[in-house]
Amino acid sequence: MSLLPCSFFLRPDVVQIARELLGKKIITRFAGEITSGVICETEAYAGVTDRASHAYGGRRTARTEVMYALGGTAYVYLCYGIHSLFNIVTSDAGTPHAVLIRGIIPAEGTEIMLRRSGKTKFTHDSGIGPGKVSKMLGIHYSHSGFILNQFDNPGNNTISLEDMGTDIDPDKITAGPRVGVDYAGTDALLPYRFMVQELILHSKP
DNA sequence: ATACCGATTAACT
DNA sequence: GTTAATCGGTATA
């Protein structure tokens, strides 16, 4: 296992990055509590030209300003007044691309994640749903702007992304339209949602 | 200053 | 399958 390099997030094709994030591990350390999960569902939001994106048309507000940061920054915002939704900003600074993490398979720190989600045991879909992802990993919208893979934050808090040393079999990846973006006209039909129904990892020597 | 609504979830029937 | 919960962001005035 190794940290994903900055260059991974700085590439221009957000759709490809969304696809490649499947099978990667996201790890958080908050208040000394370490939790992690393997990404199994993502959605790409393609910046100023994507009507489903918060940055459509180059819009900049206090909330969306973070989307214009350098790739590898966290964009977290509140949805329905309750849920923190975690996105990874990609591409160069000034290009507001982002990938929404919609689902993880719980890995380390399962007891902590159960506690955070108010559950006593996991089911097959405990980590599926963008609000649940943030809840389990302890990510809050106040973390928007957090730099990923940075280890010198106060309290040693970190959000990091690791390569598992394995790749998802492309045949196991399903692409389809994004959730809840009906307002986006023809862009609502774009196949920018990716998931791995069976998260089968292919071992690498 | 005010009103509307959402990249959702959990708890129901 | 249906629906209540819940509040910051954004547009409108």
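Any value given below was found using the heavy atoms of this structure, including those in side chains, with hydrogens, waters and symmetry copies removed. These numbers come from a predicted model, not from an experiment.
- In terms of phosphate contacts, A/Lys132 brings a side-chain nitrogen or oxygen within less than 4.0 Å of OP1 or OP2 of B/dA10.
- In this structure the side chain of A/Ser160 reaches within 4.5 angstrom of the side chain of A/Asn149, judged on heavy atoms.
- Relative to the six-membered ring of A/Tyr68, A/Arg60 meets both conditions, a distance below 6.0 Å and an angle of at most 45° to the axis.
- Rounded to whole Å, the distance from CE on A/Met136 to P on B/dT8 is 16 Å.
- One can place CG of A/Asp125 at 13 Å from P of B/dA11, the figure rounded to the nearest angstrom.
- For B/dT8, the OP1/OP2 oxygens have a side-chain nitrogen or oxygen of A/Arg102 closer than 4.0 Å.
- Atom OH in A/Tyr183 sits roughly 15 Å away from atom C1' in C/dA11 (whole-Å rounding).
- Taking atom CD1 of A/Ile139 as the reference point, atom C1' of B/dT8 lies 16 Å away to the nearest angstrom.
- Annotation: cation-pi geometry not satisfied between A/Arg59 and A/Tyr56 (NZ/CZ under 6.0 angstrom from ring centroid, within 45° of ring axis).
- With both pairing distances under 3.5 Å, C/dT6 is matched to nothing as a Watson-Crick or G-U wobble pair.
- Under the 4.0 Å criterion applied to side-chain N and carboxylate O atoms, A/Glu41 and A/Arg193 are assigned as salt-bridge partners.
- Between A/Arg29 and A/Phe151 the shortest side-chain heavy-atom distance does not fall below 4.5 Å.
- A heavy atom lying under 4.0 Å from DNA chain B marks none of the residues of residues 57-64 of chain A.
- Residue A/Val179 comes nearest to A/Tyr45 through the heavy atom pair O-OH, 4.4 Å, listed as atom of the first residue, atom of the second, then distance.
- Contact check for A/Met1 versus A/Met164: side-chain heavy atoms found under the 4.5 Å cut-off.
- One interatomic measurement links the two molecules: OH of A/Tyr56 to C1' of B/dA7, which rounds to 17 Å at whole-angstrom precision.
- Base pairing of B/dA7 is not made with any nucleotide, judged by Watson-Crick or G-U wobble geometry with both donor-acceptor distances under 3.5 Å.
- Within residues 70-86 of chain A, the residues approached by DNA chain C to less than 4.0 Å at the level of any non-hydrogen atom are A/Leu78, A/Tyr80, A/Gly81, A/Ile82, in residue-number order.
- Cation-pi geometry between A/Arg178 and A/Tyr192 is not satisfied (NZ or CZ under 6.0 Å from the ring centre, within 45° of the ring normal).
- Between A/Phe30 and A/His143, a ring centre-to-centre spacing shorter than 6.0 Å is recorded.
- The 5' end of DNA chain B is approached more closely, in terms of each residue's nearest nucleotide, by A/Met67 than by the other of A/Lys135 and A/Met67.
- Between A/Glu111 and A/Arg116 no salt bridge is recorded (no basic side-chain N to carboxylate O distance below 4.0 Å).
- Just one residue in the list A/Val89, A/Val66, A/Leu78, A/Asn87 forms a side chain to side chain contact (heavy atoms under 4.5 Å, CB included) with A/Ser144, and that residue is A/Val66.
- Rounded to an integer number of Å, the gap from A/Tyr141 OH to B/dT8 P is 18 Å.
- Using a 4.0 Å heavy-atom cutoff across all strands shown, A/Tyr45 reaches at least one base atom of the nucleic acid.
- The distance from atom NE2 of A/His54 to atom P of C/dG9 is 11 Å, rounded to the nearest whole Å.
- Near DNA chain C, meaning a heavy atom under 4.0 Å from it, residues 90-99 of chain A has no residue at all.
- Between A/Glu65 atom CD and C/dG9 atom C1' the separation is 15 Å, expressed in whole Å.
- Distances were taken from every side-chain heavy atom of A/Val179 (C-beta onward) to each of B/dT9, B/dT8, C/dG8; the shortest belongs to B/dT8.
- Side-chain atoms of A/Thr42 and A/Arg19, non-hydrogen and from C-beta on, never get closer than 4.5 Å to each other.
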